Amino acid sequence: MGFLDEAITDLKSQGLFRSLRETESVQGPEIVLDGRKVLNFCSNDYLGLAGDPRLAEAAAEAARRYGAGSGAARLISGNNVLNDAFEAAVADLKGTPSVLLFNSGYHANIGAIPALAGEVDVIFSDELNHASLIDGCRLSKARTEVYRHNDLNQLEDLLRNFPPTPSLLRKGLGGGLIVTEAVFSMEGDVCPLDDLLELAQKYGALVYLDEAHAVGVFGRDGEGLAPKNPPENLICMGTLGKAFGSYGAFVAGSASLRDYLINKARSFIFTTALPPPVTAASLAAVKIAAAEPERRKKLWDNIQSLGGNPSPIFSLPIGGAEKTMEVSRRLLELGLFVQGIRPPTVPEGTSRLRLTLSAAHTGEQIATLREALKFVHRS
């Protein structure tokens, strides 16, 4: 189709064209990319669990016992016993009465947010929120007010100026729905959660916290940025495809929240349940992460060795999309895979290298990264 070819040519001219790379190995600090072994500094495998043989064995055992597929949505015949076991384990980790398993973080956000907020409601959304949160807000059809990144003064002005409306969301609350990431996936910084919760309490608002890059990484037991036994006005979403090295997501909160989402979250109701091997691997990962706190310690030691950062995500601003991808290519020539991030993932003019550290990285590998970054900067 000619019009598609023209659109692709336009993307290429702007330095925004994307293509898929092929990996041929287990995920880890070293991977085989397009047939070549490289150091991997762009995976979200923060605890180094994606390649852990115990996850693979848990998945294999589940496949032998329950098969490769779930057969249907969970509300039909797809609610395998592993789902309940997983939800109980994560509820214990988070200190919440209940947890509901979703197929992905995207599924969770576009299901839970529209279930909680509707046309008569107001959502307050951080300007740097992930695309799945933005899409969840759009699908809700609620009025969405975007506040400057982590700017609680502006957020309070917005909360103060929007009186409550009679809706399910604000029965007994009085405020709106505040939507934010815990760790911002492209910036690597952290939301001021304590102050945010205090502000939400003041105005009777509900907080929806996306902890995709926080669970497994933060907290004494890897529970995330949110405290164990979180306050009633805090709903937490987390994913299994990052620190836990598997796939899937969850929403943690009250028992009534779980029951409500089962009946109202369309991305839960109308999706085939996760295959039992995937859920088994996720359950194994949650247990391993809890039993091996040294993984989190090693991760944070690695973060400190690269200069310190509030999270495992380091955002190195470059500016233009083409220049960013050129720096990424030069690093790859040196044997380091560091992905360049361009619009529309980030705003125009803010393209950057997004590099991530894992507990599995060695000191020698991080030193190699440090020297490569210096070399590319000099040249």
Side-chain angles (χ1 to χ4, degrees), residues 93-96 105 108-109 112-113 116-117 121-130 132-134 136-137 140 142-164 169-170 172-239 242-243 251-254 257 296 300 303-304 308-315 347:
L93 175 70
K94 295 293 294 177
T96 56
N109 287 340
I113 294 173
L116 291 165
D121 294 306
V122 180
I123 295 174
F124 306 95
S125 177
D126 189 290
E127 68 176 338
L128 295 186
N129 275 341
H130 188 267
S132 60
L133 293 171
I134 294 170
C137 294
S140 74
R143 176 169 181 171
T144 300
E145 294 291 328
V146 177
Y147 61 93
R148 289 184 296 272
H149 179 49
N150 280 342
D151 188 338
L152 299 193
N153 290 325
Q154 187 190 23
L155 175 58
E156 181 164 20
D157 287 341
L158 292 170
L159 285 164
R160 186 186 298 116
N161 290 327
F162 286 93
L169 171 62
R170 292 196 293 276
L173 290 173
L177 178 66
I178 301 170
V179 174
T180 183
E181 291 187 71
V183 176
F184 287 85
S185 58
M186 291 299 119
E187 302 295 321
D189 61 348
V190 177
C191 86
L193 184 59
D194 290 343
D195 293 338
L196 184 68
L197 288 172
E198 185 177 330
L199 190 62
Q201 182 68 31
K202 178 179 178 180
Y203 290 94
L206 192 64
V207 176
Y208 184 90
L209 183 69
D210 182 328
E211 293 194 284
H213 296 273
V215 288
V217 174
F218 290 81
R220 189 188 67 180
D221 300 317
E223 63 269 21
L225 193 67
K228 280 206 174 186
N229 306 304
E232 191 176 41
N233 68 336
L234 176 61
I235 295 172
C236 297
M237 189 284 287
T239 59
K242 297 177 176 63
V251 174
S254 66
L257 172 67
R296 279 184 297 283
W300 284 103
I303 293 168
Q304 285 301 117
N309 207 51
S311 79
I313 302 167
F314 288 72
S315 182

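Since the structure is predicted, the reported quantities are computational estimates derived from the model, not experimental observations. Atom set for the values below is all heavy atoms of this structure, side chains included, hydrogens, waters and symmetry mates excluded.
Proximity of a side-chain donor or acceptor of Asn129 to a complementary backbone N or O of Glu181 within less than 3.5 Å is detected. Between the side chain of Glu211 and the main chain of Met237, no donor-acceptor pair closer than 3.5 Å is present. For the pair Ser315 (side chain) and Met186 (backbone), a donor-acceptor distance under 3.5 Å is present. Asp126 places a side-chain N or O within 3.5 Å of a backbone atom of Asn150 that can act as its donor or acceptor partner. Asn309 places no side-chain N or O within 3.5 Å of a backbone atom of Pro312 that could act as its donor or acceptor partner. With hydrogens and angles disregarded, no donor-acceptor distance shorter than 3.5 Å links the side chain of Trp300 to the backbone of Ser311.
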Legend entry - Residues Phe184, Ile313; criterion side chain to side chain contact (heavy atoms under 4.5 Å, CB included); working and verdict: CA-CA 9 Å; Phe184 287 85; Ile313 302 167; over 6 Å; no
Inset, instruction - Starting from the C-alpha separation in whole Å, work towards a yes-or-no answer on side chain to side chain contact (heavy atoms under 4.5 Å, CB included) for Val183 and Leu225. - result: CA-CA 8 Å; Val183 176; Leu225 193 67; 5.6 Å; no
Legend entry - Chi angles and distances behind the side chain to side chain contact (heavy atoms under 4.5 Å, CB included) call for Glu223, Phe218: CA-CA 6 Å; Glu223 63 269 21; Phe218 290 81; over 6 Å; no
Inset, instruction - Test side chain to side chain contact (heavy atoms under 4.5 Å, CB included) on Phe124 and Thr144 and set out the steps. - result: CA-CA 6 Å; Phe124 306 95; Thr144 300; over 6 Å; no
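Here the straight-line distance linking atom OH of Tyr203 with atom CG of Leu155 works out to 9.0 Å at 0.5 Å rounding. The structure places CG of Leu209 at 5.0 Å from SG of Cys236, a figure rounded to the nearest 0.5 Å. Between atom CD of residue Gln154 and atom CG of residue Leu159 there is a gap of 10.5 Å, rounded to the nearest 0.5 Å. The structure places CG of Leu158 at 11.0 Å from OG of Ser125, a figure rounded to the nearest 0.5 Å. Interatomic distance, Tyr147 OH to Glu156 CD, rounded to the nearest 0.5 Å: 13.0 Å. The line from SG of Cys191 to CG of Leu152 is 8.5 Å long, rounded to the nearest 0.5 Å.
Heavy atoms of other residues, nucleotides or ligands lying less than 6.0 angstrom from CD of Glu145 number more than 12. When the shell of 6.0 Å around CD of Glu127 is examined, it contains more than 12 heavy atoms from other residues, nucleotides or ligands.
Contact between Leu177 and Tyr208 at its shortest, heavy atoms only, is CD1-CB, 4.0 Å. Of all the heavy atoms in Ser140 and Cys137, the pair that sits closest is OG-O, 2.6 Å. Pairing each heavy atom of Ala252 with each of Thr96, the nearest pair is CB-OG1, 3.6 Å. Pairing each heavy atom of Ile178 with each of Ala200, the nearest pair is CD1-CB, 4.0 Å. Ala142 approaches Asp121 most closely through the heavy-atom pair CB-O, 3.5 Å. In this structure, Ala226 and Leu193 approach most closely via the heavy-atom pair CA-CD2, 3.7 Å.
Salt-bridge formation is detected for the pair Asp221/Lys228: a Lys NZ or Arg NE/NH1/NH2 atom is positioned less than 4.0 Å from an Asp or Glu carboxylate oxygen.
Between Gln201 and Asn233, some side-chain heavy-atom pair lies under the 4.5 Å cut-off. The shortest side-chain heavy-atom distance between Lys94 and Asn229 does not fall under the 4.5 Å cut-off.
By the side chain to side chain donor-acceptor pair (under 3.5 Å) test, Lys242 pairs with no residue at all, sequence neighbours left out.
Within the structure, the side chain to side chain donor-acceptor pair (under 3.5 Å) test picks out the following pairs touching residues 186-199 (sequence neighbours left out): His149-Asp189, Glu187-Arg352.
Using a 3.5 Å distance cut-off with no hydrogens or angles, the side chains of Asn109 and Asp210 do pair a donor with an acceptor.
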